[in-house]
Asker: 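Once you've had a glance at the structure underneath, I'll fire off some questions.
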Number of protein chains: 2
Amino acid sequence: MAVPSSVSVTPTASPLFLRENEVRRGVELLFFGYTRLTRAIDEGLAEHGLGRAHHRALYFIARQPDLPISALLKILAITKQSLGRVLTDLSDRGLVETRAGDVDRRQKLLRLTPEGIQFEAQLFDALRNSLASAYAAAGQESVTGFWRVLEGLIPAEDKAMVVALQKDI
Amino acid sequence: MAVPSSVSVTPTASPLFLRENEVRRGVELLFFGYTRLTRAIDEGLAEHGLGRAHHRALYFIARQPDLPISALLKILAITKQSLGRVLTDLSDRGLVETRAGDVDRRQKLLRLTPEGIQFEAQLFDALRNSLASAYAAAGQESVTGFWRVLEGLIPAEDKAMVVALQKDI
DNA sequence: CAAGATACGTCAATATGGCTGTCCCATCTT
DNA sequence: AAGATGGGACAGCCATATTGACGTATCTTG
């Protein structure tokens with residue numbers, strides 16, 4: 001509501017007053033795209049009796065080995081208790097291991113075991129297949145735009161965290 | 001694994017063998033972008049004691065008034081039972097109403113009440129603010145690419161459904 | 001018209017993944 | 001020595017999803 005989708009007094013409307021349909025299109029494509037992408041790995045997870053929450057942890061541990069728990073908590077933005085259960089499951093299955101931090105021995109640095117690395121890679125394969133075909137269909141220019149828009153959705157206070165993930169590529 | 005990220009025999013590698021980092025970037029941006037966008041409406045929902053599942057139903061009912069329940073089930077890809085509870089909550093709060101289909105009286109066509117329309121619009125405002133600033137920061141060309149990549153993530157069998165949502169724009 | 005398919009509702013039981021609040025221990029900082 | 005910080009653990013709760021079975025109204029078809 002409150003969006004003048006047809007009436008426009010000034011010739012170039014402020015980009016903050018985009019036509020409603022452009023926004024709805026983005027909302028819908030994000031919903032379908034995100035949910036369908038995540039569905040690509042459900043089968044692989046179910047084979048180990050794990051869920052998506054486990055994958056998210058696995059993924060970011062794979063991405064940043066020796067990640068302290070506090071960093072993972074910030075990334076996932078869930079509570080310590082929720083993450084605790086997930087990490088217990090992953091440890092019980094021998095997919096994740098911890099060691100004490102060398103600079104601060106209170107920290108537990110998270111790492112995938114060899115089995116964890118293999119499992120994460122298997123799940124990642126499914127993600128890569130989905131994303132790669134979408135990238136290929138859209139073309140490299142579109143991929144850049146895709147990244148740019150998504151970056152704009154990340155609040156300033158979280159942006160450093162995402163950049164940190166991608167800097168050591 | 002299995003991704004030849006540095007070695008390339010042919011000059012133009014198949015797009016199905018994208019560099020791992022490009023895929024990981026997409027995965028991460030989708031995760032952060034999607035979760036942060038959805039967080040934008042949590043407060044508004046909580047004021048009514050509703051959750052995100054309720055919003056998803058509200059959203060698509062707003063988008064396609066007189067949507068039959070079966071169509072909403074396909075869109076959301078959840079079970080009848082799960083949707084049932086959500087719709088009960090929305091009806092109890094006077095946000096959604098149903099009427100029998102005229103061509104097929106077994107159908108229940110879903111519609112927002114005036115209060116539902118107002119509430120959905122209020123939630124949509126928050127989404128629009130987030131997406132509009134991301135669109136503006138990225139530029140129109142990027143927005144097109146953003147849409148194209150996301151469209152590529154939607155499986156063929158779901159694509160018609162998404163197009164149907166957006167055709168009557 | 002009878003039979004079957006379809007649209008929707010509902011009951012019961014269960015799983016997952018979040019949450020709050022509280023308390024604890026080990027370790028680092030000051 | 002005191003306090004802050006990183007992490008673990010308890011108990012209980014909530015939201016959202018699942019499966020399977022069954023019931024009813026209505027439409028379609030032989």
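Reminder, nothing fancy here: chain letters follow the sequence lines and each chain counts from 1. None of these values were measured; they are calculated from a predicted model.
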Asker: Taking the nucleotide of DNA chain C with the closest heavy atom to each, which residue, L83(A) or L73(B), is nearer the 5' end?
Answerer: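 First, find each residue's nearest nucleotide; the 5'-ward one identifies L73(B).
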
Asker: Listed by chain and number, what are the salt bridge (charged side-chain N to carboxylate O under 4.0 Å, His left out) partners of R39(B), not counting sequence neighbours?
Answerer: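 Scan of R39(B) (salt bridge (charged side-chain N to carboxylate O under 4.0 Å, His left out), adjacent residues dropped) gives none.
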
Asker: Using only side-chain N and O atoms of H54(B), determine if any of them is under 4.0 Å from OP1 or OP2 of dT16(D).
Answerer: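 So the side-chain polar atoms of H54(B) do come within 4.0 Å of the phosphate oxygens OP1 or OP2 of dT16(D), strictly under.
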
Asker: So, are R93(B) and E115(B) salt-bridged, with charged N and O less than 4.0 Å apart?
Answerer: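 No.
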
Asker: Could you list, one pair per line, each protein nitrogen or oxygen that sits under 3.5 Å from a nitrogen or oxygen of nucleotides 17-21 of chain D, together with the distance?
Answerer:
| residue | atom | partner | partner atom | Å |
| --- | --- | --- | --- | --- |
| dA17(D) | OP1 | R56(B) | NH2 | 2.5 |
| dA17(D) | N7 | R85(B) | NH2 | 2.8 |
| dT18(D) | OP2 | T79(B) | N | 2.6 |
| dT18(D) | OP2 | T79(B) | OG1 | 2.8 |
| dT18(D) | OP2 | S82(B) | OG | 3.1 |
| dG20(D) | O6 | Q81(B) | NE2 | 3.0 |
| dA21(D) | N6 | Q81(B) | NE2 | 3.3 |

Asker: Using the salt bridge (Lys or Arg N to Asp or Glu O under 4.0 Å) rule, collect all pairs that involve residues 143-159 of chain B, keeping only residues at least two apart or in two chains.
Answerer: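 For residues 143-159 of chain B: R25(A)-E151(B), R36(A)-D158(B).
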
Asker: Whole angstroms only, please: what is the CG-C1' distance between L109(B) and dC8(C)?
Answerer: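 L109(B) atom CG is separated from dC8(C) atom C1' by 12 Å.
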
Asker: Calculate the interatomic distance between Q107(A) atom CD and dT29(C) atom P; express it in whole Å.
Answerer: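 Answer to the nearest Å: 10 Å.
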
Asker: Please produce a list of atom pairs where a protein N or O lies less than 3.5 Å from an N or O of nucleotides 26-28 of chain C.
Answerer:
| residue | atom | partner | partner atom | Å |
| --- | --- | --- | --- | --- |
| dT27(C) | O2 | R106(A) | NH1 | 3.3 |
| dC28(C) | OP1 | R105(A) | N | 2.9 |

Asker: Without decimals, in angstroms, what is the distance between R99(B) CZ and dA7(C) C1'?
Answerer: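 From R99(B) CZ to dA7(C) C1': 16 Å.
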
Asker: Does the distance from a Lys or Arg side-chain N to an Asp or Glu carboxylate O, for R111(A) and E120(A), drop under 4.0 Å?
Answerer: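 So R111(A) does not pair with E120(A) through a salt bridge.
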
Asker: Taking only the side-chain nitrogens and oxygens of S70(B), find out if one of them lies under 4.0 Å from OP1 or OP2 of dC8(C).
Answerer: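 Yes.
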
Asker: Does a salt bridge link D102(B) with R105(B), judged by any charged N lying under 4.0 Å from a carboxylate O?
Answerer: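 The answer is no: the pair does not qualify as a salt bridge.
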
Asker: Using residues 73-84 of chain A as the side-chain source, report each donor-acceptor pair under 3.5 Å to any protein atom, sequence neighbours left out, with the distance given to one decimal.
Answerer:
| residue | atom | partner | partner atom | Å |
| --- | --- | --- | --- | --- |
| T79(A) | OG1 | S82(A) | N | 3.4 |
| T79(A) | OG1 | S82(A) | OG | 3.0 |

Asker: Let me know the distance between CG of L72(A) and P of dG6(D), rounded to the nearest Å.
Answerer: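 Value for this atom pair: 14 Å.
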
Asker: Give the rounded distance in Å between these two atoms: CG of L50(A) and P of dT16(C).
Answerer: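 Distance check: L50(A) CG to dT16(C) P gives 10 Å.
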
Asker: Sequence neighbours excluded, which residues qualify as ring-ring contact (aromatic ring centres under 6.0 Å, His included) partners of F60(B)?
Answerer: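 ring-ring contact (aromatic ring centres under 6.0 Å, His included) list for F60(B), sorted by chain: F31(A), F32(A).
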
Asker: Taking CZ from R52(B) and P from dT16(C), how many angstroms apart are they, rounded to a whole number?
Answerer: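 Distance check: R52(B) CZ to dT16(C) P gives 20 Å.
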
Asker: From CG of D89(A) over to C1' of dG8(D), roughly how many Å is that when rounded to an integer?
Answerer: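 One finds 15 Å between C1' of dG8(D) and CG of D89(A), rounded.
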
Asker: Round to a whole Å and report the spacing from CG of L45(B) to P of dA15(D).
Answerer: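 Going from CG in L45(B) over to P in dA15(D) covers 13 Å.
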
Asker: Does the side chain of Y135(B) pick up a donor-acceptor pair with the side chain of Q140(B) at under 3.5 Å?
Answerer: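 Not at all, the side chains of Y135(B) and Q140(B) share no donor-acceptor pair under 3.5 Å.
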
Asker: Are the charged groups of R24(B) and E20(B) less than 4.0 angstrom apart, N to O?
Answerer: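 Between E20(B) and R24(B) there is a salt bridge, with a charged N closer than 4.0 Å to a carboxylate O.
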
Asker: Just call it for G51(B): base, sugar-phosphate, or nothing, with non-hydrogen atoms closer than 4.0 Å on any strand.
Answerer: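 Since only primed, P, OP1 and OP2 atoms lie under 4.0 Å of G51(B), the category is sugar-phosphate.
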
